[in-house]
Protein chains: 2
Amino acid sequence: MPHITLNSAEPGIRGLLRYRPETGRPLSELAEVLLRGPSTLTRGERELIAAYVSALNDCRYCSSSHSASAAAQLLGGMALVKQVRADADSAPVSAKLKALLAIAAAVQQSGLSVTAEQIAGARAAGATDLEIHDTVLIAATFCMFNRYVDGLATMAPDDPALYAAGAQHLIKEGYLPPA
Amino acid sequence: MPHITLNSAEPGIRGLLRYRPETGRPLSELAEVLLRGPSTLTRGERELIAAYVSALNDCRYCSSSHSASAAAQLLGGMALVKQVRADADSAPVSAKLKALLAIAAAVQQSGLSVTAEQIAGARAAGATDLEIHDTVLIAATFCMFNRYVDGLATMAPDDPALYAAGAQHLIKEGYLPPA
């Protein structure tokens with residue numbers, strides 16, 4: 001049961017965005033720009049970074065949601081997402097994505113954990129400054145969302161089919177609330 | 001030196017907001033609503049929560065900036081901010097604020113670290129659901145900002161006078177970029 005009385009039965013972040021629309025609006029806009037806005041990283045790659053960091057933070061709702069979204073938008077599907085979550089270093093993703101995932105894992109620990117070597121590695125694998133920037137901000141943003149969702153003890157459904165359906169809705173409608 | 005080439009010499013978060021205005025706008029709006037929007041927590045109290053979490057994350061730029069903002073808006077000034085940062089439990093703040101700071105410190109560790117007892121303690125000290133919500137989200141938000149600022153190795157000036165001047169500007173103009 002959530003720590004506070006929400007005004008809907010919606011699980012995870014959804015109930016929180018509805019409870020406090022003044023903060024919900026910029027939070028939704030941030031997710032939309034970072035995960036779906038114009039970028040040289042695919043939407044699937046960005047959802048994978050979000051899922052990976054959420055899993056490192058043990059946030060069940062966010063890791064399930066973004067794993068489903070990544071799986072629906074990556075050729076490797078859920079099998080690939082599970083490989084990355086289990087051991088990103090050995091997963092069959094590009095050298096660039098592997099280097100960006102390593103930066104995301106450092107950010108999950110602390111901003112101070114990111115090393116110049118990790119940045120140089122990402123750049124050597126072809127990552128641009130903007131891709132490095134967005135990776136750091138996606139990882140940092142999910143360190144926020146994960147703490148927000150679990151810090152208020154919101155509900156996280158068990159049924160994977162619910163997250164898969166949510167991913168299809170998200171792919172069609174995006175993260176912004178209906179106008 | 002920052003890990004990526006920014007388009008200004010502005011330190012900390014300011015250079016990042018300018019570098020990527022698409023994400024800078026919702027981030028600025030989030031800070032404005034949370035730290036300065038209508039609330040039963042004073043602006044000084046909210047800045048104190050931001051400063052406290054930023055100090056726990058060892059983020060020099062954010063802890064210096066928000067300590068200066070809190071000091072300028074709290075009766076106890078910088079002496080009080082330093083007491084809270086050194087040992088919040090024994091600092092001369094209200095029982096309610098002390099309970100909210102304890103929740104913020106738990107969020108800094110992980111959302112999963114917040115206990116039902118901490119929530120009950122805050123409520124017993126007079127905190128409302130919305131105050132608990134905003135405390136969790138402020139703490140989570142600074143876990144993001146701190147990682148963003150340090151994960152890209154942005155510059156943090158040493159001179160306390162610069163942060164004090166920044167706080168005066170912030171108090172007058174707020175967090176939103178000029179229209």
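No experiment lies behind these values; they were computed from the predicted model shown. Just so it is clear: chains get the letters A, B, ... in the order the sequence lines come, proteins before strands, and each one is counted from 1.
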(message) Can you tell whether the side chains of Asp158(A) and Arg60(A) come within less than 4.0 Å, N to carboxylate O?
(response) yes
(request) Could you tell me which of Val114(B), Asp58(B), Asp129(B) has the largest number of non-hydrogen atom pairs under 4.5 Å with chain A? (result) Asp129(B)
(message) Only pairs of heavy atoms separated by less than 4.5 Å count here; which of Leu137(B), Val149(B), Thr115(B) has the most with chain A?
(response) Leu137(B)
(request) Could you check which of Ala120(A), Cys143(A), Gly37(A) has the highest count of heavy-atom pairs closer than 4.5 Å to chain B? (result) Cys143(A)
(message) Just so I know, are the side chains of Asp134(B) and Arg20(A) near enough to count as touching, which here means a heavy-atom distance under 4.5 Å?
(response) yes
(request) Name the region of Gln118(B), side chain, backbone, both or neither, that has any atom closer than 4.5 Å to a heavy atom of chain A. (result) neither
(request) Could you tell me which portion of Glu32(A) (side chain, backbone, both or neither) has an atom closer than 4.5 angstrom to a non-hydrogen atom of chain B? (result) neither
(message) Below 30° counts as parallel, above 60° as perpendicular, anything between as tilted: where do the rings of His133(B) and Tyr19(A) land?
(response) tilted
(request) State whether a side-chain donor-acceptor pair under 3.5 Å links Ser54(B) with Asn57(B). (result) no
(request) Look at atom CE of Met78(A) and say whether more than 12 heavy atoms of other residues, nucleotides or ligands are closer to it than 6.0 Å. (result) yes
(request) Let me know if Ile119(A) has heavy atoms under 4.5 Å from chain B in its side chain, its backbone, both or neither. (result) side chain
(request) Just give me the residue among Thr5(A), Val107(A), Ile4(A), Leu34(A) that pairs up with chain B most often, heavy atom to heavy atom, under 4.5 Å. (result) Ile4(A)
(request) Would you mind checking which part of Leu130(B) comes under 4.5 Å of any heavy atom in chain A, side chain (CB onward), backbone (N, CA, C, O), both or neither? (result) both
(request) State yes or no: are the ring centers of Phe145(A) and Phe142(A) separated by less than 6.0 Å? (result) yes
(request) Flag the pair His66(B) / Leu35(B) as yes when at least one side-chain heavy-atom distance between them is below 4.5 Å, and no otherwise. (result) yes
(request) Using a cut-off of under 4.5 Å on heavy-atom pairs, state which of Ser113(B), Ala140(B), Ala106(B) scores highest against chain A. (result) Ala140(B)
